[in-house]
Structure formats: C-alpha cells, structure tokens
Amino acid sequence: MTRTPDISLIVTTHAEGLLFGATLRSLLESSNLAKRKGITTETIIYLDKAENETERFVLQICEELDLEVVKTDFGDQGKVRNHAAHQARSDYIAFLDGDDLWSENWVTKAFQLATQNNKFIVHPEINWFFGGNNNILFKVDQESEFFDPTFLSVGNPWDALCLAPRETLLETPYCNRDLEQGFAYEDWHWNCETFLKGHIHKVAKGTIHFKRRRKNSQHMKARQRKVLMPDSRILFYESGLDS
Amino acid sequence: MSLALNDKEMIIAKNFIPELTDVDTENLFTQKTTNKKKTTIPFFSGNPNCSNRSTPSFGGSKSKTPALEEFIDWLKNGFSQKIVPTNWFDENFYLEMYPDVRDNGIWAFEHYLLYGISENRLPNSIIPDCAPQKSLDERYKNLQFNGLDIDFLSSIPNLLDDPSLIRIIAEGNSENIVQSLKKNKKLSFIFDSKLYRRSIETYYPELYIPPNMELEHWIRNGRHLSAQFNPLFNIEFYKRTHKDLSFLSNEKLTTHFLNHGLFENRRSSILFSAAEYAKKENLKTGESGVIRALKEFKETGEIFQNQTSLNIPKGFLNKLAALETHMEGCQCRILDDEISDQLKKVQAFEPRVNFDTNNRNVSFPLIQHSSNKLHFVSKQFRDKLRNTKYKAIVLIPHCRMSGAARVSGALAGALEQYFGPENLCIISTDSSTLEHPEWFPKSVDILDISEDLVGLSPEEKRLALTNLVRATQSEFIFNVNSRLAWLTIDEYGKQISTFCKIYSYLFCSDISPVGLRTGYPQEFFRSTLEHHSNIFVDNESLKNELIFDHLLPQKYQDKIQVTPSPYSPDINTVSTAKYRSSFLTLGAKKIFWAGRFDRQKNFDLLKRIASELPKHEFWVWGKPVLETTSNIEKSDLPENIRLQGEYTKFSDLPLNSCDLWLYTSKWEGLPTLLIDVAASGIPIVATSVGGIPELLKCSQIFLVNEINDTKPYVEKINHLLNDGRRARKEALRLKDSTLRNHSKEQFTQKIHLTLKSHTK
C-alpha cells in the first residue's frame with residue numbers, strides 16, 4: 001500500500017519559461033534532503049494559464065522526471081493554491097512560485113516546526129531578493145516580542161510561500177484576486193484571515209526563500225496598478241489589536 | 001532529584017541559585033530544583049559541550065537557558081569532567097593571568113567559583129562581572145570601580161559637563177561617583193536603565209545585573225558590549241555608518257559617541273537624524289540634537305523621526321530601539337555559517353541570487369520596512385480618535401475664511417442630524433488651520449491629520465487616507481475641497497466605492513492667467529465621476545458647464561446634484577426706517593466690498609470704479625491671500641476707499657451703514673458671501689458670472705454683464721443710489737427669494753433626501 005506522503009510540494013507556474021529549471025532544482029534538493037531525514041513528499045506542478053514557452057518547458061521536464069502536472073485556467077495564484085489544497089494527498093502543503101527558489105533545508109526544517117502544532121503556519125527566516133531587487137527581508141515570528149498585529153493592517157510581514165496544514169488551507173481558502181476592481185495581495189489577506197482565526201505564523205530559523213524580482217511578475221504588476229488588499233477585520237480599529 | 005551533593009557542590013549550587021540558600025532538606029531541595037518557571041541562570045548556558053571562547057561575540061549566548069535540573073545535572077556530572085558551562089569564562093586567559101592557579105593545579109573554573117570571584121579576579125579579558133548571581137549581589141553591595149572604569153568616565157567630560165563631577169571621578173571614591181552621576185542631567189537623558197537592562201537580558205542572558213545597579217553595571221561592563229543604553233544610539237549602526245570609526249572597539253565607539261558624536265550630531269540610529277533635528281530646531285553648534293530630542297520626548301512623549309519629520313508614536317520609542325538592535329543582529333545573521341551554507345548551495349546552480357551585493361538593505365517589519373510610515377501614522381490617527389468607528393467622514397483641507405469651509409460646516413450640520421454626532425468625524429487633511437470651529441457642530445469629532453502626513457510620500461499620503469477610511473469602517477465619505485481627498489479618490493476611488501459611498505463638492509472652475517479654465521472640475525471630475533454616488537455643486541452654471549464639456553448623458557447628469565448653499569444663521573436685516581432715511585439724503589453713500597485682493601475678486605476693478613465715483617465711500621474688507629501681490633499701499637488707493645481689515649463674522653459688519661454691496665469677481669461659483677448679502681436685504685451690483693445670475697434671478701437689475709469695463713458698474717450704481725425706492729424693493733424681493741431657497745432647512749432636507757435615496 002502506498003503511504004500518503006508527508007508533504008505536498010506545489011509549484012505554480014505561469015510565464016517563467018526556463019527560470020523554472022532552477023526553481024525545480026532547488027525543490028528537488030530540498031525534498032531529497034527531507035527524504036534523507038525520513039520525510040516523504042509528492043511534487044505537483046501547476047500550469048496556470050501558462051504561456052507557450054513555459055508550458056513546453058515544464059511539460060518536457062516533468063515528463064523526464066516523472067512529476068505530476070496539473071493545468072488550470074484561473075489566472076490567479078490564490079485559486080491555484082485553493083485547487084491544490086483540494087487535490088493534494090498530504091496533510092501538509094508547501095508552496096513555491098515558479099521562478100523562486102528554496103534553501104535546501106526548507107522542507108525539512110519547516111516540516112519539523114509545522115508538526116509541533118497544527119495551528120502553525122511556517123515561513124522562512126529570510127526572503128532573499130534578487131534580480132530586480134537585492135534586499136533581504138527577515139520574517140517575524142508571531143510569538144516573538146517583535147510581532148505587532150497592527151502592522152498587518154498596513155503591510156504583509158510574510159508571504160504566500162509557506163508550509164501549512166492542508167486543513168488550514170481548506171478552512172481558509174485564498175480570496176479571489178480582482179485586479180480589475182483594484183484588489184490583490186491575496187496572500188497578505190490570507191495571512192490576516194488565518195491570524196484572526198488563531199493560527200500562528202512561525203519562522204523556521206536558518207531557512208531562506210530566494211525571491212526573483214522580474215519586471216513582469218505578478219507582484220510587480222500589482223504594485224504598479226496601485227491595488228489594495230481586500231477587506232479584512234484586521235484593517236479595522238475596532239478589532240482592538242492595538243490594545 | 002536527591003540531595004547527593006557534597007559540600008563544595010552545594011556551595012556552588014547556592015551561589016548560582018540563591019533560592020537554595022536556606023535549603024537543608026532533601027524535600028525542599030527537590031521542590032526548589034524542579035521549579036520549571038526558572039529558565040535563566042546567570043553565568044550558565046547549560047550546553048555541556050559548549051567550548052570556551054576567548055571573547056564573547058555580539059549577541060552573546062542566545063540559547064535558551066535551561067531548567068534547574070540541567071544545572072544540577074552539570075553539577076553532578078559535568079563538573080567532575082571539568083566542563084565549563086559558560087562562554088563567559090576564558091580558561092586560557094585565567095591561567096595565563098593567574099600563574100598561581102596554574103601552579104596550584106586546581107581546575108581554573110573551580111578556582112574561580114570558589115575563590116577567584118571573591119578575590120575580584122577576572123574571568124576573561126573584557127567583562128569583569130561574569131559570575132553567579134549571589135556573588136554579584138555581594139560584590140555590588142560595596143562596588144569599587146577600578147582604574148579602567150575611572151578612565152572611561154574621565155574620557156567623557158563633554159557629556160558630563162560638570163567640573164565638580166570630573167573632580168569627584170578623579171578622586172576615585174566609587175560611592176561618591178555613583179551618587180553624583182545619578183544627579184547629572186545630561187547623563188539622565190542619555191542613559192536609560194530600563195532599556196539597558198532589557199538589552200542585557202535579551203542579548204546577554206548569562207550576565208546578571210543586581211537590582212537597580214544598571215548604571216554601575218554599564219560602567220563596568222556595558223561599555224564593552226553592544227547592549228543598548230540609549231534608544232537613539234545603536235552601536236552597530238554607528239560603526240557601520242561612520243567609516244572613520246569602524247576600527248574602534250565597542251568601548252571606544254561608546255566613548256566617541258558620548259564625548260563627540262552626540263555634539264557633532266552624528267547619525268547614531270536608523271530612528272533619528274540628529275543633524276536634521278538640529279537644523280529644524282536651529283540648535284547652536286555643539287548642541288546635541290539627541291539630548292534635546294530626548295528631553296522633549298520626556299516632556300511630550302513624542303519624538304521627531306529622522307528627516308521625514310514623522311513622529312514616533314507614544315510609547316513606541318524603546319520598542320523601536322530594541323527592534324533596531326535586533327535588526328543590527330540580522331545584519332550579522334546573514335553572515336552566519338548556517339545562512340552562508342544555504343546560500344552557497346543555491347548559488348551553485350543559480351549564481352544570480354548573490355550577484356548584486358551593493359547597497360543591499362536588510363529590513364524587518366516595523367523598522368526599515370516600506371510600510372513603517374503607514375504603520376506609524378495609523379497609530380497616530382488611532383490615538384487621536386475618540387471612537388474606533390465612524391459611519392460618515394467629511395474631508396476638508398482646513399477651515400479658513402472661505403465659502404467652501406462655510407459649506408463644509410453646513411454639510412456637517414446636516415450630516416450630524418442624519419447620522420448622529422457620534423457617527424460623524426470631520427478630517428482636516430491639508431493644514432491645521434481651523435479659523436472657524438463655530439461653523440461645525442460642537443459634538444462632532446474633528447481630526448487634523450495634516451501634520452501626521454508630513455514626511456510621507458504623495459502615494460503614502462493617499463494610502464494613509466484610504467487606510468483611515470477603512471480603519472474607521474466609514475460607509476460615507478464627503479469631500480469638500482480637500483486636495484488629498486481628490487487625489488485619493490482619483491487613485492483608489494474604484495476600490496473605496498466598493499465599501500463606501502463617495503460624495504464630493506465642486507464649486508467652480510478657476511481661470512488661469514491666460515484665460516483657460518482650470519481647477520478641480522478640470523482635474524478630477526472626469527476621472528472620478530464613476531466612483532462617486534453624487535457630485536454636489538451649488539449652482540446650475542457649473543453643472544451645465546460639466547454637462548457641456550463632457551457631453552454627459554442623462555444618467556451621468558443625474559449624478560451632479562445642485563444643492564443651494566444656506567445663508568449664515570446669524571445674518572442681520574437692514575432696518576427699513578434707517579434705510580429709507582439714508583436714501584432720501586443726498587450726499588455720500590457707503591458702498592461695501594469684501595473679498596481677497598486678487599485677480600479673481602478683481603480688486604483692480606474696484607479701485608477703478610471707486611476712482612470714478614469720488615462722491616461715495618467704499619468700505620473694503622479683506623486682504624491679499626492667494627496671489628503674491630503685495631501688501632496694498634494706501635497711496636495706491638483712491639481716497640474714497642476705506643480699508644477695514646478683515647472680519648470674522650458677516651453679522652459683525654456694520655450692515656446698517658451699507659447702502660449698496662458691490663461684487664466684482666471675474667469668475668465664481670455661488671459665493672456664500674453674496675447669499676448672506678442677499679438674505680440681508682441689501683441692494684447689490686454684481687458681475688453676472690458663475691452662479692450669481694441664479695441667485696439674483698428675481699432681481700436682474702443687480703447684474704452687470706461686463707467684467708472689466710467700469711462704465712456699466714458706475715451707471716448701475718448711480719441708477720440704484722438715485723432710485724432708492726426701486727433699489728430697496730428689489731433688495732427685499734431678493735431677500736424673500738433667498739430666505740426661501742437658501743435656508744438651512746432646505747439644504748439639510750436636500751442632503752437627507754440624497755442620502756436616503758442611496759441607502760434604500
């Protein structure tokens with residue numbers, strides 16, 4: 001009988017082209033280390049409204065490596081992640097964008113931390129930007145003295161590339177992105193909603209997400225369009241988070 | 001846990017854990033040593049395999065200090081194996097420093113614990129007070145500064161700035177020194193004992209500070225560490241920022257800051273630019289911006305944050321200082337082996353992850369993050385507001401003597417009735433000026449955010465306002481001439497309209513010097529109409545202008561609502577008897593004029609008219625406001641112009657002396673001043689521009705079609721003053737019409753009907 005893997009590793013692709021190669025390599029290095037530590041994984045690659053070059057490359061690589069590919073037509077990473085949460089077999093899910101990279105220790109350390117408490121949502125210690133931006137962002141652990149919940153009303157201290165229990169994702173799906181109406185940052189919104197529901201955002205020390213900044217990335221597009229985060233109780237003074 | 005410790009072990013245990021001092025039974029010992037709440041034991045890191053380091057590193061031992069059980073375990077097992085359980089004891093140093101110990105053959109750490117501490121022997125080359133808690137409590141009861149401590153204090157005369165204190169330091173009596181230091185004013189602003197203690201507890205948990213001994217501990221030990229003792233001095237930042245100091249030790253850096261950097265206003269923290277502050281406050285050369293700012297902080301609870309002029313919210317300064325220290329730690333963290341190893345592995349197949357290391361910023365939420373300023377202002381707003389929630393907000397630029405401000409007051413009155421005073425907030429966005437608070441309902445909150453926004457980028461200001469609307473869960477926003485509100489609606493109106501109904505006022509187009517229409521109707525109407533529930537205008541003329549310009553279909557036309565502004569509630573009516581008598585007399589009449597002395601109000605035309613009517617007196621209220629032209633020189637004015645200065649209330653004017661009101665504007669909406677004049681029953685001669693013909697519809701004799709030619713004005717004025725009966729009759733007819741169409745009740749009703757239609 002095939003054992004259910006411990007973690008589903010979900011990669012979302014759209015227009016990354018050959019950049020996906022390095023991303024997948026980082027995923028495989030990370031999952032191989034996890035395997036050596038006794039942690040089993042499955043890998044699913046999502047092609048979401050993918051442009052031709054990306055689709056060709058991803059399909060070719062995945063065929064050679066015998067990786068599962070799912071094609072969707074959402075044009076919305078949040079919906080892709082929601083779909084993945086339903087489709088995945090594991091109790092834990094880790095997300096990776098098709099042009100970003102994981103540190104080798106990410107899957108292992110994040111899983112070890114996540115399994116300590118089913119309320120935990122795990123983030124890397126560092127977001128290491130490269131490409132169009134070379135900054136480094138340290139994440140804040142919600143249980144540290146430096147966490148201020150009111151910050152969530154103006155900025156996102158974390159992002160979507162976390163490792164979380166599948167149950168958490170099913171209970172709190174990502175909201176729809178609506179760029180036309182001027183709303184995006186669905187990952188920020190998800191972080192707010194999960195926080196409000198009592199989940200705990202943790203940081204796996206020593207882990208890094210390498211985030212590629214390209215001119216045409218979804219993030220950059222959202223920023224250029226002056227979008228806002230969708231409505232959340234986090235935004236209200238009435239929520240009393242500052243008391 | 002049994003009491004199977006020998007005498008020596010028990011002495012050591014009681015030194016490390018003072019709670020064991022009175023223990024003499026096994027039960028009590030077991031009880032005390034299974035206390036899981038105690039997680040920190042000074043001078044004990046609990047890692048039995050920890051190697052000795054010659055110098056403590058920045059950040060100290062961050063490993064979680066163990067429970068008491070681990071300590072007892074070390075004592076029973078690790079001690080005999082000669083395992084040193086702390087990084088703060090340098091065995092090699094100790095043996096080299098004290099050859100008698102080496103010759104004796106006793107284990108160095110054991111010697112230190114049993115004899116060395118009480119003999120004031122040093123545990124390492126830098127930090128003298130590394131010892132168990134009980135030993136330090138004893139030592140600090142009768143603390144003696146050594147020569148190096150005295151040297152340190154002697155090296156900061158600029159800070160201490162007190163010859164008698166310098167002398168006391170030189171004399172070397174520790175008790176006298178401490179007493180005098182604690183009275184020193186500048187030092188009291190610089191040394192923050194709570195911050196220092198917290199920094200030591202966080203970053204150097206093995207170092208123990210006896211109660212209320214922070215200053216003494218800092219002098220003896222802290223000057224060598226990166227522990228923070230002042231919220232505006234971060235030693236790592238100081239070292240990084242000033243390359244000329246980068247080779248200095250922590251002690252030398254601290255000395256440099258206290259003796260020089262403070263007074264040179266060198267930047268010493270992310271949080272604060274002393275040089276910018278000194279410039280803003282016009283401090284003298286050599287006067288410390290940090291000391292002055294901290295003094296002000298003590299008095300007001302607010303501090304000026306670097307060149308953005310953003311005030312750090314109350315109660316936040318020490319938290320930010322702690323964050324800054326943490327972030328400096330992050331700067332070092334990226335060089336740690338653990339991180340470097342992971343980086344190298346990824347670099348092997350994606351070298352571009354570390355291509356560009358120049359000007360790299362390390363950021364952390366709450367400090368050095370793109371959203372920090374928004375976070376601060378959000379907290380400032382929250383602190384100022386009485387309620388957390390307002391159903392409706394009115395956005396005004398400020399409240400100066402202007403028609404728009406009058407209208408915003410009237411609107412606020414109508415909205416107060418509709419929503420209730422506790423559900424309404426007036427927000428001033430562009431300036432703090434509130435010349436006429438009496439125009440607004442007393443029980444409604446007024447929030448000035450203009451000063452909080454200084455230092456934000458234009459985009460941040462718009463976001464800050466959007467966030468405020470969301471934070472207060474407002475369902476209705478009313479914009480009355482606030483530029484920031486217009487910009488925000490332009491940028492985020494699409495989103496805001498999904499959770500809020502938007503209403504804005506437009507009054508009139510301005511005319512540029514070359515004669516082109518300009519102003520908010522041109523700038524914002526087209527791009528924001530879709531987001532609005534209604535655009536209010538106070539005259540048909542502007543509505544027609546907008547319909548014509550944009551070829552608006554009916555559905556769009558319906559969004560523009562003409563809402564006649566109300567007259568002032570405290571107007572006078574001119575006495576009929578007096579008026580009749582003045583018109584029967586021949587001789588000089590009094591013609592009133594009020595407004596800004598500028599191009600729009602056409603002050604030049606007034607001067608020319610007055611010079612052509614030398615028989616009459618022109619009583620003129622106002623001042624130059626919008627344009628740069630001048631203080632008006634009396635010698636430039638015709639002799640029959642009597643400057644009256646400014647007025648506060650229309651009803652304060654000597655209207656009983658007024659025979660005629662002259663209004664010469666080149667362009668207008670529907671001026672509230674003229675509504676008040678009309679409601680007062682005074683004859684008028686006015687330019688037929690904007691909404692003025694609508695006001696004077698029933699008394700068109702008062703209108704003049706020319707803008708610049710004096711002749712029709714002079715003729716009209718003469719005609720009305722010579723036919724007083726006719727003038728008065730028209731004025732009374734106009735008064736009736738005005739009282740009917742421009743009442744507060746009418747205005748309020750119209751506003752309420754509009755709101756009701758949108759909340760069905």
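The model shown is predicted, which means the values in this text are computed figures rather than measured ones. A note on names: the letters A, B, ... follow the listed sequences, proteins ahead of strands, and every chain is numbered from 1.
Minimum heavy-atom separation, B:Pro365 to A:Val140: CG-CG1, 4.2 Å. Between A:Phe183 and B:Gln495, the closest heavy-atom pair is CZ-CB, 3.5 Å. Summarising the geometry of B:Asn361 relative to A:Asn135, their closest heavy-atom pair is N-OD1, 3.1 Å, with the distance given to 0.1 Å. Scanning both residues, A:Ser103 and B:Gln342, for their nearest heavy atoms gives CB-OE1, 3.4 Å. Minimum interatomic distance between B:Ser371 and A:Gly155 (heavy atoms only, all atoms of both residues): OG-CA, 3.6 Å.
A:Glu125 is listed as a side-chain neighbour of B:Arg333, based on a closest heavy-atom distance under 4.5 Å. A heavy-atom distance below 4.5 Å is found between the side chains of B:Thr202 and A:Glu145. With contacts defined as side-chain heavy-atom distances shorter than 4.5 Å, the pair A:Leu235/B:Gln473 does not qualify. Using a 4.5 Å heavy-atom threshold, the side chains of A:Tyr237 and B:Leu468 count as touching.
Of the two parts of B:Val346, only the side chain, counted from C-beta on, holds a non-hydrogen atom closer than 4.5 Å to a non-hydrogen atom of chain A. Heavy-atom distances place both the backbone and the side chain of B:Phe381 under 4.5 Å from chain A. Heavy atoms closer than 4.5 Å to chain A are found nowhere in B:Ile367, neither backbone nor side chain. If you measure heavy-atom distances from A:Lys211 to chain B, you find no contacts under 4.5 Å at all. In this structure, chain B has a heavy atom under 4.5 Å from the side chain of A:Leu19, while its backbone stays farther away.
The ring of A:Phe138 has its center no closer than 6.0 angstrom to the ring center of B:His326.
For B:Glu201, the CD atom sits in a packed shell: over 12 heavy atoms of surrounding residues, nucleotides or ligands are nearer than 6.0 Å.
Under a 3.5 Å cut-off, the side chain of B:Arg360 and the backbone N or O of A:Asn134 do form a donor-acceptor pair.
A:Lys226 and B:Glu459 are joined by a salt bridge, as a carboxylate oxygen and a charged side-chain nitrogen come within less than 4.0 angstrom of each other. The pair A:Lys109-B:Glu338 meets the salt-bridge criterion, since a charged nitrogen lies less than 4.0 angstrom from a carboxylate oxygen.
In terms of heavy-atom pairs under 4.5 angstrom with chain B, the leader among A:Ile234, A:Asn127, A:Asp231, A:Asp178 is A:Asp231.
In this structure, a donor-acceptor pair under 3.5 Å is present between the side chains of A:Thr150 and B:Lys379.
Between A:Phe151 and B:His375, the ring planes lie perpendicular to each other; the angle is over 60°, past the 30° to 60° tilted range.
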